[in-house]
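Below: the structure, in structure tokens.
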There are 2 protein chains.
Amino acid sequence: MPTSRTSVPVPRERGAGSGAQRRQEIVAAAQRLIADKGFEGLRVREVADRVGINIATLHYHFPSKEALVTAVVQDIVGRLDRVPAGDVQPPPPREHLAGHLHHVLDQFERHREQFVVLNELYNRAIRDEALRRVLQASDTAWTDYLVPILRAGRDNGQLRADLDPVAAATLITGFFKSLLFHLGLTPQGARQAADELLRGLDSQETPR
Amino acid sequence: MPTSRTSVPVPRERGAGSGAQRRQEIVAAAQRLIADKGFEGLRVREVADRVGINIATLHYHFPSKEALVTAVVQDIVGRLDRVPAGDVQPPPPREHLAGHLHHVLDQFERHREQFVVLNELYNRAIRDEALRRVLQASDTAWTDYLVPILRAGRDNGQLRADLDPVAAATLITGFFKSLLFHLGLTPQGARQAADELLRGLDSQETPR
DNA sequence: CCTTGTCCATCATCTGCTTGATGGATAGTC
DNA sequence: GACTATCCATCAAGCAGATGATGGACAAGG
């Protein structure tokens, strides 16, 4: 029985809660929490705490934990524009590829947290049908970006003549997906592996 | 207050519980459960149910959930003898490598469940220091198995002259670690990717 | 009688979610 | 301008179910 109500409802903090903005805040906190503790360790209470709001308020914005998780997934996947907007003058395939690899590797070093969450997502997708479809679509887009480059490189002689573009795309995407699972890998080691991957695609006759 | 005790304690079932044997049974059930639902979905109650024993009995054998998980980890890691006992006459490096890749791929297709659990382990290792050390040791053993083969292949001309053995080993192990994260990958696609990986290591002058 | 293995019942805690209430802001009406 | 209604965002408190763990008892075998 609430006999006394000592604390007054906090007036909406300025800069904090304009609905969508507040929701974004919550999603961001949830992402950080997932990066810290994994999906296993995601507690709505702690998300609320990190944002500095009451659990009920969180549930006001996200009716269920699942809704929150869905928002997190959408946010992360939405950020997954790994396919850069078409360069005006795309470089030759081999350089295009190298640029892409180093770009993603850069992202990995700079925004490791997001890769951790993404990793959690992929892990979850093994058992979650809906999530699997979402990520699979994103994977398809990624592959569809890579395959033409690989094919062009093979056809113009920069890459191996016997290159299987789809298989090579699988190797490339798999390389990034596995990054977090190389437990002792240094950034330098990762770059060396990426370079090795590139050399494996190269035509050996092509001077580099 | 237990006023009546209607049910009689079941006499120990024969063939069931000789200590170590019972423990192994529990660990196996836990592994299946983890494969089904992930670590996130591991409940000691359900493990007990699957084994057909009471929760208290499970806690008799494993004083805590953590102890059970530790046993599961040890069991899986102990099974991680990916390095076959030295063949009497090891084949030439290139064939040795190809054999290894196809062997692991075979294991993946046949014992996918164990790979799922292993995947959970790697995911966990990102945050769990102790587990990370264990898996890292296993990774090191794997790399130490691959690197000499790669080096020998490079030196005898079967593999590329500019091959970086350590980086290549990272690619190979990473390929397997990423398998479950290729959400739409068919067994055939996996084999094609493995072959592409091998071709990338090959010296192109060497007839195959 | 001691050890091993088992069970039933229960506990304490965690966790997702709900309830009922509060105050600020905004808009319409007098 | 003052009053009223309504909406939005928030909170304190609490519930119900799940979950890891414990206590105490019992049987069987040595």
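Note on naming: letters A, B, ... go to the chains in the order of the sequence lines (proteins, then strands), and numbering restarts at 1 for each one.
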Task: Derivation and outcome, side chain to side chain donor-acceptor pair (under 3.5 Å), residues A:D139 and A:Y122 - done: CA-CA 11 Å; A:D139 270 13; A:Y122 272 103; 2.4 Å; yes
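Dashed line: the shortest gap from a side-chain N or O of A:N54 to OP1 or OP2 of D:dT10 is not under 4.0 Å. At D:dA9, one or more side-chain N or O atoms of A:Y60 fall inside 4.0 Å of OP1 or OP2 (strictly under the cut-off). For C:dG5, neither phosphate oxygen OP1 nor OP2 lies less than 4.0 angstrom from any side-chain nitrogen or oxygen of B:T57. Using a 4.0 Å cut-off, some side-chain N or O of B:R22 falls inside it from OP1 or OP2 of C:dT6. Remark: B:H61 is in phosphate contact with C:dT6, judged by side-chain N or O atoms under 4.0 Å from OP1 or OP2.
Among the heavy atoms of the strands, none lies under 4.0 Å from B:L58. Residue-level contact check: A:R45 touches the bases, meaning some heavy atom is under 4.0 Å from a base atom. Within the 4.0 angstrom heavy-atom criterion, only backbone atoms of the sugar-phosphate kind lie near A:L42; the bases stay farther away. As judged by a 4.0 angstrom heavy-atom cut-off over every strand, A:I53 is placed among residues touching the sugar-phosphate backbone only.
Between the CD atom of A:E40 and the C1' atom of C:dT15 there is a distance of 15 Å, rounded to whole Å. Distance CD1 (A:I26) to P (D:dA9): 11 Å, rounded to an integer number of Å. Between A:Q24 atom CD and D:dA9 atom C1' there is a gap of 18 Å when expressed in whole angstrom units. Note: CZ (A:F62) to P (D:dA9) measures 12 Å, nearest angstrom. Computed from coordinates, the A:H59 NE2 to D:dT10 C1' distance equals 15 Å when rounded to whole Å. One atom, NZ of B:K65, and another, P of C:dA12, lie 21 Å apart when rounded to the nearest Å. In this structure, B:E46 atom CD and D:dG20 atom C1' are separated by 15 Å, rounded to whole Å. Rounded to whole Å, the distance from CD on B:Q21 to C1' on C:dT4 is 15 Å.
Contact detail for B:I172 and B:L146: the closest heavy-atom pair is CG2-CD1, 3.9 Å.
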Open item on the list: Pairs counted only when both distances fall under 3.5 Å, Watson-Crick or G-U: show me the 5' to 3' dot-bracket for DNA chain C, [ ] for pseudoknotted crossings and | for other-strand partners.
Closed with: ||||||||||||||||||||||||||||||
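Comment: A:K37 does not engage A:E120 in a salt bridge, judged by the lack of any side-chain N to carboxylate O separation of less than 4.0 angstrom. A salt bridge links A:D202 to A:R94: one of the charged nitrogens lies within less than 4.0 Å of a carboxylate oxygen.
In this structure, the side chain of A:R132 engages the main chain of A:I126 through a donor-acceptor pair within 3.5 Å.
When each of C:dG16, D:dA9, D:dG23 is scored by its nearest atom to the side-chain atoms of A:R43, the top-ranked nucleotide is C:dG16. Here the side chain of B:A56 is nearest to one of D:dG20, C:dC17, C:dC8, namely C:dC8.
Once rounded to the nearest 0.5 Å, the distance linking CG of B:D164 with CG of B:L201 reads 11.0 Å. Distance CD1/A:I53 to OH/A:Y60: 11.5 Å, rounded to 0.5 Å.
Under the 30°/60° scheme for interplanar angles, the aromatic rings of A:F181 and B:F181 are found to be tilted.
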